[in-house]
Protein chains: 2
Amino acid sequence: MKLSNGVEWGLHCCVTLSQAQGPLPAQILAELHGIPAAYLAKHLQALSRAGVVRSSQGQDGGYSLASPASEITVLDVVAAIDGPGELFRCAEIRTRGPLAVPPEKCSQRCSIARAFAAAEQLWREALSKVTIADLADGIDRDSSGTALGEVREWLSSH
Amino acid sequence: MKLSNGVEWGLHCCVTLSQAQGPLPAQILAELHGIPAAYLAKHLQALSRAGVVRSSQGQDGGYSLASPASEITVLDVVAAIDGPGELFRCAEIRTRGPLAVPPEKCSQRCSIARAFAAAEQLWREALSKVTIADLADGIDRDSSGTALGEVREWLSSH
DNA sequence: CTCAACCCGGATATCATGTGTCCGGGATGC
DNA sequence: GCATCCCGGACACATGATATCCGGGTTGAG
């Protein structure tokens with residue numbers, strides 16, 4: 001019914017990473033956004049496994065974007081953190097009860113599942129058209145062009 | 001991240017109710033679909049509170065559709081059972097951390113929340129264009145026109 | 001080579017929510 | 001009056017999200 005909070009964190013972190021020169025440790029990203037570092041690390045690992053961000057170990061290591069910000073979509077981050085599963089999971093209750101439909105006649109999804117799948121497809125398409133660069137642009141516009149500069153300045157002083 | 005199972009149950013029940021002559025008890029609806037009656041009752045109550053179905057008490061009472069099946073949309077059932085809340089809840093983390101944005105500058109939603117709101121709007125519009133009558137039609141078509149007749153026959157013998 | 005910084009993965013604890021059951025109360029028709 | 005049925009709340013349980021911690025491995029600097 002609702003999306004994980006980690007999706008929002010992941011998107012903010014990607015926007016921040018798009019403004020950084022080099023790799024950023026999870027600790028710094030957590031401090032900047034005021035969220036628990038240990039938990040954020042888990043979501044960053046998920047983003048890393050999905051190939052959205054790249055991780056470099058060792059001293060001066062950290063996370064950086066694996067692709068240009070204009071090529072990473074919101075849907076990529078959602079799929080990486082929240083999983084690729086569908087919003088609506090059909091429990092196939094037509095195969096239960098006294099009028100159960102035999103499974104061999106269920107090669108096609110029922111009309112209810114089809115309706116949700118079509119709606120979800122529109123949702124995914126919309127999210128796949130928004131990139132990290134678009135989000136950064138929107139944040140900058142909302143702040144009259146000061147927000148991203150402040151982020152870069154804060155990062156360079158840490 | 002996922003929708004409640006009760007949404008699917010509610011939709012199937014609405015389709016069944018569209019085939020009934022009079023009110024159907026929750027017990028009958030649960031038996032027909034092979035799902036727990038006590039739990040289904042909770043979801044039917046939610047549908048009743050939302051005005052999707054009408055309940056009649058006393059002997060020979062039960063649930064019936066409050067409107068014609070062609071005027072009840074899938075979105076109505078989703079909102080009634082799963083709540084009117086959004087899929088994506090913005091935690092407003094821009095108001096946290098060392099670069100916190102003062103709340104008085106947050107009259108507008110952040111660009112991330114706007115992207116999700118736009119995508120979710122498409123999802124809702126798609127669901128609001130599918131009615132219970134459409135679902136019943138799809139189920140009948142999938143079964144080559146036999147399924148709804150079987151349901152009506154089963155109902156009349158109980 | 002040693003050390004510190006940092007990522008990775010798993011184990012664990014806690015809490016909210018979904019799932020499911022049960023019971024008392026009230027309404028309705030016979 | 002009685003059986004049937006809805007309504008609302010209380011309760012237990014499973015699941016997943018949230019959050020923390022620790023040991024192990026990797027890398028760069030001194």
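Numbers restart at 1 for each chain; the letters A, B, ... are given by sequence-line order, proteins then strands. The shown structure was predicted, so the numbers you read here are calculated from the model rather than taken from an experiment.
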Problem set entry | Backbone N/O of B/Gly62 and side chain of B/Ser56: donor-acceptor pair under 3.5 Å |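 Yes.
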
Exercise. Within the side chain of B/Ser128, is there an N or O that forms a donor-acceptor pair under 3.5 Å with the backbone of B/Leu75?
Worked result: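 Answer holds: no.
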
Check the distance between [N]'s [atom2] and [X]'s [atom1] and give it to me in whole angstrom.
| X | N | atom1 | atom2 | value |
| --- | --- | --- | --- | --- |
| A/Phe88 | C/dG18 | CZ | P | 16 Å |
| A/Ile35 | D/dA17 | CD1 | P | 17 Å |
| B/Asn5 | D/dC13 | CG | C1' | 16 Å |
| B/Tyr39 | D/dA12 | OH | C1' | 14 Å |
| B/Leu3 | C/dT19 | CG | C1' | 15 Å |
| A/Leu29 | C/dA5 | CG | C1' | 16 Å |
| A/His158 | C/dA5 | NE2 | C1' | 17 Å |

Problem set entry | Any side-chain donor near an acceptor of the partner, B/Glu31 and B/Gln27, under 3.5 Å |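 Not at all, the side chains of B/Glu31 and B/Gln27 share no donor-acceptor pair under 3.5 Å.
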
Exercise. For A/Val101, which fellow cluster members are found when Ile, Leu, Val, Met, Phe, Trp and Tyr are connected by side-chain heavy-atom distances below 4.5 angstrom, either directly or through intermediates?
Worked result: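 None; A/Val101 is a cluster of one.
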
Problem set entry | Pair A/Glu92 + A/Arg94, salt bridge at N-O below 4.0 Å |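 Looking at A/Glu92 and A/Arg94, the cut-off is met.
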
Exercise. So, A/Glu86 and A/Arg109, do they make that salt bridge, N to O below 4.0 Å?
Worked result: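 Salt bridge flag = yes for A/Arg109 with A/Glu86.
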
Problem set entry | Footprint string (nucleotides 1-9 of chain D, 5' to 3'): B base within contact, S backbone only, - free, heavy atoms under 4.0 Å | --BBBBBBB

For this session: Using heavy atoms to find the nearest nucleotide of DNA chain C for B/Leu40 and B/Arg89 separately, return the residue whose nucleotide is more 5′.
Result: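 Per heavy-atom nearest nucleotide, the more 5' residue is B/Arg89.
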
